Amino acid sequence: MSPTTETATNTAPGAHVVFLGAGAIGGTMAALVHRAGRLRTTIVDPWFQHVDAIRRKGLFVDLVSESFTTDVLALHVDQLGRLPAPADLVVLSTKAYDSEWAVRLIEPYLADGGCILVAQNGITEEWLSTVTDPGRLIGCGITNYPGECFVPGRIKRTPLGSNEPAFTIGELDGSRSDRVEKVAEWLTPAGDIKVTDRIWSVLWGKLALNLMSNALGGITGYTTHHLWSDPDIAAVGLLCGAEAALVADKLGIAMDPVFGRIQAPDMRDGMLGDDQAWRRAMAELNGMGGERVGASENKPSLLQDVLKGRRTEIDYLNGYVATKAPTVGLTAPVNAAVTDLMKEVERGAVERGPERVDDLRSILAAHRPH
């Protein structure tokens, strides 16, 4: 389908939603919400060239089934004084390592009763509760919203990988609230949204998915198809997910199935020696890999960061599990080893590429469950 140019204004009569971070996730959400025309929508992003391109040409989004350009208002981070109104909702979709300064920056521009939806990789909701009033935060598991943003002003969406909702949102205290229902209604144009009273279970399930793909892609340069189809790389990924499941158990959190398919008990029990459980988990992961072909074969977000030459979120993914485990009396040696290897790639001590598969095999040999 040929691209179309949207001409909606930035003065819709509804609530004001600020998308703080407009990469593949935040940018796609902002474009779709803005196109619906029901809300005032503003993008704020630290990538200067991205904001500049959006201002000059609009934000182009390729959704696979269609493509369009929209004229959503875009501001640099030092231009918050130009916001057209206080923010009723901030969708925080910066990189995890930018979370603290981003929240502190936007807080003065929140409307009375305004809230922050934490739409990021990792479990930043946990420590952001020490940065701002936790009552302002709403948890968000981005469970099915793949995309890429390499070129300023242009976002490419890859096909959805399952029947899981795009987003699952909920109050951090597990309560049901009118404001979460309202936020879900506001953001419906961006994708299928589910409201839950089990947001921590969702967040840990999404974290496990990140552990199985992001750093492994950054280390090898492989897409999810190859990562989840190769038996050795997939096994390392499952071990990372299993360690996360054990930590979640200790925290009293029943992790949601990974991508709605890989059961946490299968990963956990498989790592502890249950061969049938391990085979079930591996079969599901290999099946997911087999489905990620053609347009569905996407680059994990951490690999995208490596290709852009930017800092990665490793400390908030595998590194998070490695540091969280000792606080509940456990260790997470596989996540720790993957974190160390990813950091070697990040600082240029070793080259990213297929040759790193042997390093992953060494990790697997040291911690293989059987």
Side-chain angles (χ1 to χ4, degrees), residues 23-24 46-47 94-100 120-124 127 146 148-150 206-247 258 267 271 285 289 292 297-327 330-369:
W47 187 8
T94 62
K95 290 296 181 181
Y97 48 75
D98 286 329
S99 300
E100 182 171 354
Q120 299 175 298
N121 282 333
I123 304 184
T124 54
W127 64 273
E148 300 175 357
C149 182
F150 285 99
K206 174 59 187 341
L207 176 63
L209 177 63
N210 288 151
L211 304 179
M212 296 177 187
S213 56
N214 276 12
L216 301 179
I219 289 166
T220 63
Y222 289 150
T223 64
T224 46
H225 168 69
H226 198 139
L227 294 175
W228 295 340
S229 300
D230 182 288
D232 292 332
I233 303 175
V236 173
L238 279 182
L239 289 174
C240 288
E243 289 179 349
L246 287 170
V247 173
V258 178
M267 292 190 296
M271 185 179 72
L285 187 56
R292 295 299 181 96
E297 186 173 3
N298 68 301
K299 297 180 181 72
S301 61
L302 193 145
L303 173 57
Q304 295 181 45
D305 291 337
V306 171
L307 293 173
K308 294 175 186 176
R310 68 187 297 180
R311 179 182 174 187
T312 75
E313 295 178 297
I314 186 64
D315 286 329
Y316 301 86
L317 301 173
N318 303 78
Y320 170 79
V321 176
T323 57
K324 188 71 173 178
T327 70
L330 298 174
T331 60
V334 180
N335 278 290
V338 168
T339 299
D340 290 343
L341 181 54
M342 184 61 242
K343 288 186 174 183
E344 288 188 31
V345 172
E346 194 169 10
R347 67 173 180 265
V350 298
E351 291 289 327
R352 160 187 54 84
E355 58 271 23
R356 298 279 75 77
V357 174
D358 285 340
D359 297 327
L360 294 175
R361 290 190 178 116
S362 296
I363 295 171
L364 178 61
H367 304 285
R368 187 182 293 275

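Computed from a predicted model, the values in this text were never measured in an experiment. All heavy atoms count here, side chains included; hydrogens, waters and symmetry mates do not.
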Please report the closest heavy-atom contact between G217 and P300, naming both atoms and the distance.
CA-CG, 4.4 Å

For A96, does its backbone N or O pair with a side-chain atom of E313 as donor and acceptor, under 3.5 Å?
yes

Which residues pass the ring pair (Phe, Tyr, Trp, His ring centres under 6.0 Å) test with H226, sequence neighbours left out?
Y222

Chi angles and distances behind the side chain to side chain contact (heavy atoms under 4.5 Å, CB included) call for D315, K343:
CA-CA 9 Å; D315 286 329; K343 288 186 174 183; 2.7 Å; yes

Closest non-hydrogen atom pair between L227 and S213, with its separation
CD1-O, 3.4 Å

Minimum side-chain heavy-atom gap E355-V350 below 4.5 Å
no

Which heavy atom of S229 sits nearest a heavy atom of G289, and at what distance?
OG-C, 3.6 Å

Spacing of L360 atom CG and L239 atom CG [to the nearest 0.5 Å]
11.5 Å

Who passes side chain to side chain contact (heavy atoms under 4.5 Å, CB included) against A242, sequence neighbours left out?
M267, M271

Is any side-chain heavy atom of V321 closer than 4.5 Å to a side-chain heavy atom of C240?
no

Minimum-distance pair of heavy atoms, taken over all atoms of V345 and G218
CG1-O, 4.0 Å

Could you work out, with side chain to side chain contact (heavy atoms under 4.5 Å, CB included) as the rule, every residue matching E100, not counting sequence neighbours?
R104, W127, V131

Check step by step if side-chain hydrogen bond (donor to acceptor under 3.5 Å, both in side chains) holds for K95 and N121.
CA-CA 8 Å; K95 290 296 181 181; N121 282 333; over 6 Å; no

Would one find more than 12 heavy atoms of other residues, nucleotides or ligands at under 6.0 Å from atom CD of E351?
no

Nearest heavy-atom neighbours spanning A235 and L364
CB-CD1, 3.7 Å

Gap separating the CG atom of L209 from the CG atom of L285, nearest 0.5 angstrom:
9.0 Å

Restricting to non-hydrogen atoms, name the atom on N214 and the atom on L302 that form the minimum distance, rounded to 0.1 Å.
O-CB, 3.5 Å

For E346 and D305: C-alpha separation, side-chain torsions, deciding distance, then whether side chain to side chain contact (heavy atoms under 4.5 Å, CB included) applies.
CA-CA 10 Å; E346 194 169 10; D305 291 337; over 6 Å; no

Taken to the nearest 0.5 Å, the spacing of I314 CD1 from D340 CG works out to 9.0 Å

When rounded to the nearest 0.5 Å, the distance separating OG1 of T220 from CZ of R352 is 9.0 Å

Suppose the criterion is ring pair (Phe, Tyr, Trp, His ring centres under 6.0 Å): which pairs have a residue in residues 334-354, not counting sequence neighbours?
none

First locate atom CG of L303, then atom OG1 of T223, and finally report the distance between them rounded to the nearest 0.5 Å.
8.5 Å

Quick check: does any side chain N or O of Q304 sit under 3.5 Å from a backbone N or O of K299, one acting as donor and the other as acceptor?
yes

Ignoring hydrogens and geometry, is there a side-chain-to-backbone donor-acceptor pair from S362 to D358 under 3.5 Å?
yes

Value rounded to 0.5 Å, distance of OG1 in T331 from NE2 in H367:
8.5 Å

Does a salt bridge link D359 with R356, judged by any charged N lying under 4.0 Å from a carboxylate O?
yes

Backbone N or O of C149 within a donor-acceptor pair of the K308 side chain at under 3.5 Å?
yes

According to side-chain hydrogen bond (donor to acceptor under 3.5 Å, both in side chains), does anything in residues 230-246 pair up with another residue at least two apart or in another chain? List the pairs.
D232-R361, E243-N335

Sequence neighbours left out, what pairs pass ring pair (Phe, Tyr, Trp, His ring centres under 6.0 Å) with at least one residue falling in residues 304-325?
W204-Y320

